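Below is one structure, written out as structure tokens; comments come after it.
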Amino acid sequence: MSGAIEARLKELGVVLPDAPVPAANYVPTVRTGNLLFISGQVSKTSDGLITGKLGGGFSVEDAQAAARVCALNLIAQAKAACD
């Protein structure tokens, strides 16, 4: 990962998780030329899958946190595929 990207993540206090291993029979990344395709990423932490439905005991803040986890998993997959 670019030194500038790593520095910005550190500045923001963001620690990337290890790239999640596939939960089923699929390839998480495919690199073609200068394109990287990432699939199968969800909001999963070491504590398990984050699930819920807005309004059903799942707040907007909960949904934002789940989206953040998913985004960090995507970045972790990209880092693992490109390093």
Side-chain angles (χ1 to χ4, degrees):
M1 187 171 274
S2 163
I5 295 170
E6 294 274 3
R8 181 64 177 148
L9 290 172
K10 185 175 181 179
E11 178 183 314
L12 293 170
V14 174
V15 177
L16 287 179
D18 291 332
V21 296
N25 188 19
Y26 66 88
V27 178
T29 61
V30 173
R31 193 170 181 178
T32 304
N34 63 352
L35 298 174
L36 179 66
F37 297 91
I38 303 173
S39 66
Q41 301 309 297
V42 295
S43 299
K44 185 175 181 182
T45 66
S46 59
D47 295 331
L49 192 60
I50 300 171
T51 61
K53 183 177 179 181
L54 283 175
F58 202 72
S59 70
V60 170
E61 292 79 16
D62 293 333
Q64 289 171 333
R68 184 178 192 275
V69 167
C70 186
L72 290 176
N73 287 341
L74 284 164
I75 296 169
Q77 285 292 1
K79 180 180 179 183
C82 294
D83 277 351

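The shown structure was predicted, so the numbers you read here are calculated from the model rather than taken from an experiment. In what follows, every heavy atom counts, from backbone to side chain, and hydrogens, waters and symmetry copies are set aside.
- Every residue two or more places apart in sequence or in another chain that forms a side chain to side chain donor-acceptor pair (under 3.5 Å) with Ser59 is listed here: Glu61, Asp62.
- Remark: Val42 pairs with Lys44, Leu49 by the side chain to side chain contact (heavy atoms under 4.5 Å, CB included) rule, at least two apart or across chains.
- For the side chain to side chain contact (heavy atoms under 4.5 Å, CB included) test, residues two or more places apart in sequence or in another chain that qualify with Leu12 are Arg8, Val14.
- Ile5 and Leu72 fall within a single hydrophobic cluster, where Ile, Leu, Val, Met, Phe, Trp and Tyr side chains are chained together by heavy-atom contacts under 4.5 Å.
- Heavy atoms only, all atoms of each residue included: Ala80 and Ala19 are closest at CB-CB, 3.8 Å.
- Val21 belongs to no hydrophobic cluster with other residues, because no ILVMFWY side-chain heavy atom falls under 4.5 Å from its own, directly or through intermediates.
- A pairwise comparison of heavy atoms in Ala76 and Leu16 identifies N-CD2, 4.4 Å as the closest pair.
- In this structure, CG in Asp18 is found 10.5 Å from CD in Gln77, a value given to the nearest 0.5 Å.
- For residues 20-32, there are no side-chain hydrogen bond (donor to acceptor under 3.5 Å, both in side chains) pairs, not counting sequence neighbours.
- Applying the side chain to side chain contact (heavy atoms under 4.5 Å, CB included) rule to Ala63 yields the partners Leu54, Phe58; only residues at least two apart in sequence or on another chain are considered.
- Across Pro22 and Pro28, no two heavy atoms sit closer than the pair CG-CD, 3.7 Å.
- Under the 4.5 angstrom side-chain criterion for Ile, Leu, Val, Met, Phe, Trp and Tyr, Val15 has no cluster partners at all.
- In terms of modelled atom types and a separation under 3.5 Å, the side chain of Glu6 and the main chain of Ala4 share no donor-acceptor contact.
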